[in-house]
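All remarks here apply to the structure that follows.
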Number of protein chains: 2
Amino acid sequence: MSRIIPNISVDCVIFGFDFNQLNVLLVERKLIDEKSNKVLIDDWTLTGYHILEEEDFDTAAARILKKMSGLDNIYLEQFYAFGGVKRVNSPKDMLWLQNQSEGFSERIVTVGYFSLIDNTSVTLSLKERNVKWFPISNLPTMGFDHREILEKALERLRAKLRSEPIGFELLPEKFTITQLQRLYEEVLGTTLDRRNFRKKVLQMKYVIPLDEKQKGVKHKPAQLFIFSREVYEKTKTERFDFSI
Amino acid sequence: MSRIIPNISVDCVIFGFDFNQLNVLLVERKLIDEKSNKVLIDDWTLTGYHILEEEDFDTAAARILKKMSGLDNIYLEQFYAFGGVKRVNSPKDMLWLQNQSEGFSERIVTVGYFSLIDNTSVTLSLKERNVKWFPISNLPTMGFDHREILEKALERLRAKLRSEPIGFELLPEKFTITQLQRLYEEVLGTTLDRRNFRKKVLQMKYVIPLDEKQKGVKHKPAQLFIFSREVYEKTKTERFDFSI
DNA sequence: TTGCAATGTGTAAATAATACGCATTAAAAG
DNA sequence: CTTTTAATGCGTATTATTTACACATTGCAA
């Protein structure tokens, strides 16, 4: 095992969509005083870790994601580096870092990645620590500057969702148009007209209809579609409108 | 003077527009063997430097920009962090780093910023080293992985230019519509219809006409405009179209 | 005075966005 | 087995935006 680089880490903001809400995966940070049994810290953080000597940022982010979700080959994108002098300065944060086996440096730079997964496909399995999905609209108290990092990730996700077809990464391979619409509504915080949305999506040649229907729903089952990145890359056109 | 952090640096991609071309500011990297007078290295790099112990990324980037261009209060945006294991591995790069007074670490992470300035307003003044504007379309051989960093910056500049009004940062305070159009054409690599572009821009309430005309041109002088960020923030609307 | 090299304006056609209403389907309830 | 329920799926009229394209105007310079 190669050594870690003490002052550089990678934090992953793992977004998941459950057909209804946008969620983020957090890890519990709990510290109990051994003598008094007093709870010194109990809050939640993003999933991050130092990078290793022989490791790129992308590799480190993929490693962390794999460890947390068990998943490989997932959409991952670097979105911002955080290196403020006062990133880590609350008493709780200091206390936590002093208790970690790797020791700590006062000035830790972290590179933020966000990843998009269909969270109905994930079974949480990390044994050592408590890991949970939280809806974006109802977050717990978070440690370090992770709340700020999450906000930046969200901002980037929203901006990118408007201009590139990354929403599909949050859905299973086969999805319905209504599911896609819910996703856009939830992430962008709007409501959209069902019929117009459908019309728009059906124009996109890279959203391909299947000869297959939804199963196990208690109403008329909808048609399933898949997204083809290949077709997208071939047919995309760039436009510009720094909006009015 | 506080100490530098040896393994973290900031690199600035300084873009300038001269009403015709998009340019980038580079610094010559020249190393001559003292005995033989042989030229060991002669190429160009971005303007970067290690960050200081008590300094944020943003502050470091502003410091570097000030040193290179003499300018303060300039548009600056972090766009990507580079930390690949093999970022610095050519013999020339190693040689250069060994010759720098600060010493070097093998694994240097750099945080990339790009900045936008009206390059007709800058007088280059850095005495110690040779600094020059190069058009994007005609770049010299570049050291380290700076070519790659520049490409990423350009990609981000283009993406942002499509969706946000940052082009004005590349123009003087007062500009003509034709200048704005040339800027968009040059950066996005397209040509646009003059009349339609004008129509589009005139709709934008945040591009405000002045009672003032261009001077010193040998043809009909055009009307001048200014950009108001304040009006933009008030009137902007978000749309979404992950394009067809 | 005239030529030059820009700026400044208008209109028609095509395309895309928005606002709606109603028939259809499959499962569940009676 | 009929009805109810809760979705899906489709169509059309209206408005707004984008695109394509031609000619008159202005101020300087020859």
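Letters A, B, ... mirror the listed sequences (proteins, then strands); counts begin at 1. Not measured: the values here are computed from a predicted model.
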Which nucleotide wins on minimum distance to the side chain of [X], given the candidates [options]?
X: B:Asn196; options: D:dA20, D:dT25, D:dA22; answer: D:dA20
X: B:Arg194; options: D:dG9, D:dA6, C:dT9; answer: C:dT9
X: B:Lys199; options: C:dA5, D:dT8, D:dA20; answer: D:dA20
X: B:Arg198; options: C:dA5, D:dG9, C:dT9; answer: C:dT9

Rounded to whole angstroms, how far apart are [atom1] on [X] and [atom2] on [N]?
X: B:Lys220; N: C:dA6; atom1: NZ; atom2: P; value: 14 Å
X: B:Gln203; N: D:dT18; atom1: CD; atom2: C1'; value: 10 Å
X: B:Lys200; N: D:dA20; atom1: NZ; atom2: P; value: 13 Å
X: A:Ile177; N: D:dT8; atom1: CD1; atom2: P; value: 10 Å
X: A:Asn20; N: D:dA7; atom1: CG; atom2: P; value: 12 Å
X: A:Gln181; N: D:dA7; atom1: CD; atom2: C1'; value: 13 Å
X: A:Arg182; N: D:dT8; atom1: CZ; atom2: C1'; value: 17 Å
X: B:Leu202; N: C:dG10; atom1: CG; atom2: P; value: 11 Å

May I ask you to decide if the ring planes of A:Phe175 and A:Phe168 are parallel, tilted or perpendicular, using 30° and 60° as cut-offs?
->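 Answer is tilted, since the angle falls between 30° and 60°.
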
Is it the case that B:Arg29 places NZ or CZ above or below the six-membered ring of B:Phe144, under 6.0 angstrom from the centre and within 45 degrees of the axis?
->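 Yes.
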
5' precedence on DNA chain C between B:Phe225 and B:Lys218 (nearest-nucleotide basis) =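 Final value for this comparison: B:Lys218.
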
Contact under 4.0 Å: [X] side-chain N or O vs [N] OP1/OP2:
X: A:Thr178; N: D:dA7; result: no
X: B:Lys213; N: D:dG27; result: yes
X: A:Arg195; N: D:dG9; result: no

Taking only Lys NZ, Arg NE, NH1 and NH2, and the carboxylate oxygens of Asp or Glu, determine whether B:Arg229 and B:Glu169 approach each other closer than 4.0 Å.
->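 Salt bridge flag = yes for B:Glu169 with B:Arg229.
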
Are any of the side-chain nitrogens in A:Lys174 or A:Glu212 under 4.0 Å away from the carboxylate oxygens of its partner?
->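 Answer for the salt bridge query: yes.
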
Between B:Glu77 and B:Tyr75, do the side chains contain an N or O donor and an N or O acceptor separated by less than 3.5 Å?
->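 B:Glu77 vs B:Tyr75: donor-acceptor pair found between side chains.
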
Between B:Asp193 and A:Gln179, which is nearer to the 5' end of DNA chain D once each is assigned its nearest nucleotide?
->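 That would be A:Gln179.
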
